[in-house]
Amino acid sequence: MPNRKKAFVHRPELDTGGYPEDCPFDSSRAGRTLETLKSMALIESDDRMQVAPDQLTRASVERFHTPDYVDALQRAGLGELTPDEALHFGLGTPDCPIFKDMFEYVALAAGASVTGARLLLQGEADIAFNPSGGFHHAQPGNAAGFCFINDIVLAALEMTDAGKRVLFLDIDVHHCDGVQDAFYNRNDVMTISLHESGRTLFPGTGFEDEIGTGEGRGYTVNVPLPVGTYDAAYERAFSEAVLPLIKAYDPDMMILEIGTDALAGDPLAHLHLTNNVHADITQAIADLHKPLLATGGGGYNAENAVRGWSLCWSVLSGEQKADHDLLMGMGGVMLENTDWVGGLRDRVLLADGGRRDAIDSEINLVIDRIRSKVFPVHGL
Ligand SMILES: [Zn+2]
């Protein structure tokens with residue numbers, strides 16, 4: 001992709017404001033990713049640029065969220081919300097804490113995804129990346145799972161307003177319940193999520209029989225995965241159940257949520273991936289040559305998130321097609337340390353032999369169900 005224009009959407013305020021220090025959601029990951037990429041000379045060039053995002057206005061937030069919830073976000077940031085009021089809107093919990101000027105912060109973090117969508121629509125960029133985005137759990141009237149304003153929904157609406165058909169692919173370890181609910185009866189946004197099964201992980205949804213309704217039937221796709229899912233099994237689910245659907249749908253634009261909490265060693269989840277999977281999926285999506293908005297998301301081992309996002313940006317920049325061995329880093333998920341030597345990629349992790357057969361057969365069932373229920377809708 002030598003001439004595709006790439007925009008890294010970020011402002012320093014996204015690093016310094018934000019979630020309290022004791023919250024597992026680390027706001028500094030995006031800025032650290034930017035620093036890593038600058039140190040590798042992967043930001044400034046003829047076809048790469050950094051773009052400052054716009055904060056969302058109240059009216060633009062209300063494209064998806066209810067006015068009383070937006071009131072609550074604004075009053076929470078001013079310290080005016082009572083504990084009872086806060087809980088009604090999902091605020092003041094360990095994962096959706098109240099902090100000073102929170103509306104301004106979350107409206108900027110979500111605004112960066114909408115800015116990215118506009119860059120694509122205006123032809124100013126072919127690929128935009130907002131590592132401070134990916135708030136896929138936020139609902140119209142409440143916060144959930146570290147998510148306050150649903151930037152994915154707002155960015156997708158920006159695209160559909162312009163008449164575009166949108167593919168949303170979510171590889172965060174958690175199911176994208178807020179986005180799925182928003183577009184469940186629509187066929188102009190296809191939502192595909194690979195995630196740890198709701199049987200073992202928040203938010204407890206995203207089973208393969210959730211496939212959309214009405215006109216949207218067959219345009220929601222869920223790939224729930226068992227504990228311990230490893231690279232080869234995940235890639236097989238992607239190539240057999242997901243990629244054919246994306247190609248058949250043939251969207252005008254795409255959104256990719258790259259939460260890194262599916263990587264081995266994440267403190268909040270139980271999959272066993274390395275960042276090579278994220279690199280491969282990012283490459284497969286980039287190879288479709290559609291305008292692409294990529295976002296961050298979860299990732300509660302901050303070092304692994306910074307490495308993973310830096311790797312994905314380098315893939316989007318066309319810098320990762322060389323011999324993998326030369327680019328393989330030490331450290332990361334395998335050694336559980338943060339010394340990066342030699343590159344951004346994790347070393348290959350072997351699957352736990354005892355669990356491998358059970359994982360494979362569970363994933364086979366999921367693939368079979370998607371192929372029988374969803375593929376026919378798309379002529380496959
Ligand atoms: Zn997540």
Side-chain angles (χ1 to χ4, degrees), residues 18-19 23-30 33 90 93-97 106 109-110 112-113 129-139 142-153 155-156 168-182 191-207 210 220-229 231 234 237-238 242 255-275 277-278 281-282 293-309 311-312 333:
Y19 298 67
C23 180
F25 193 93
D26 183 342
S27 318
S28 77
R29 295 170 303 159
T33 301
T93 64
D95 46 347
C96 294
V106 297
S113 292
F129 181 36
N130 168 26
S132 298
F135 301 107
H136 56 181
H137 299 306
Q139 295 284 355
N142 65 275
F146 308 113
C147 302
F148 298 94
I149 293 178
N150 201 315
D151 60 315
I152 304 283
V153 170
F168 172 53
L169 174 63
D170 191 318
I171 58 172
D172 188 282
V173 80
H174 299 94
H175 174 237
C176 56
D177 53 346
V179 183
Q180 171 172 305
D181 294 353
T191 295
I192 304 182
S193 178
L194 296 106
H195 49 263
E196 181 178 333
S197 169
R199 288 197 302 273
T200 50
L201 196 67
F202 175 90
T205 52
F207 295 97
E210 298 166 32
T220 290
V221 184
N222 283 297
V223 188
L225 300 161
V227 168
T229 293
D231 286 2
Y234 191 99
F238 177 76
V242 173
I255 305 175
L256 174 63
E257 206 264 32
I258 315 174
T260 58
D261 40 13
L263 298 180
D266 190 276
L268 300 191
H270 319 96
L271 300 194
H272 200 59
L273 306 184
T274 73
N275 64 20
V277 167
H278 289 177
I281 288 178
T282 300
L293 170 66
T295 74
Y300 304 96
N301 178 319
E303 295 297 332
N304 285 343
V306 171
R307 271 164 64 88
W309 291 341
L311 175 63
C312 288
V333 300

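Any value given below was found using the heavy atoms of this structure, including those in side chains, with hydrogens, waters and symmetry copies removed. Each ligand, and each atom within it, is numbered from 1 in the order the structure gives.
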> To the nearest 10°, how many degrees is the angle Asp172 OD1 to the Zn ion (ligand 1) to Asp261 OD2?
Replying inline: 110°

>> Can you see whether His175 engages Gln180 through a side-chain donor-acceptor pair at a distance of less than 3.5 angstrom?
In response: yes

> Can you name the N/O/S atom of His174 that is nearest the Zn ion (ligand 1)?
Replying inline: ND1

>> Does either side chain, that of Asn130 or that of Ser113, offer a donor lying less than 3.5 Å from an acceptor on the other one?
In response: yes

> Among all residues two or more places apart in sequence or in another chain, which pass the side chain to side chain contact (heavy atoms under 4.5 Å, CB included) test with Asn142?
Replying inline: Gln139, Ala144

> With a cut-off of 2.8 Å, does any N, O or S atom of His195 fall short of it relative to the Zn ion (ligand 1)?
Replying inline: no

> Parallel under 30°, tilted from 30 to 60°, perpendicular over 60°: which one fits the rings of Phe148 and Tyr19?
Replying inline: tilted

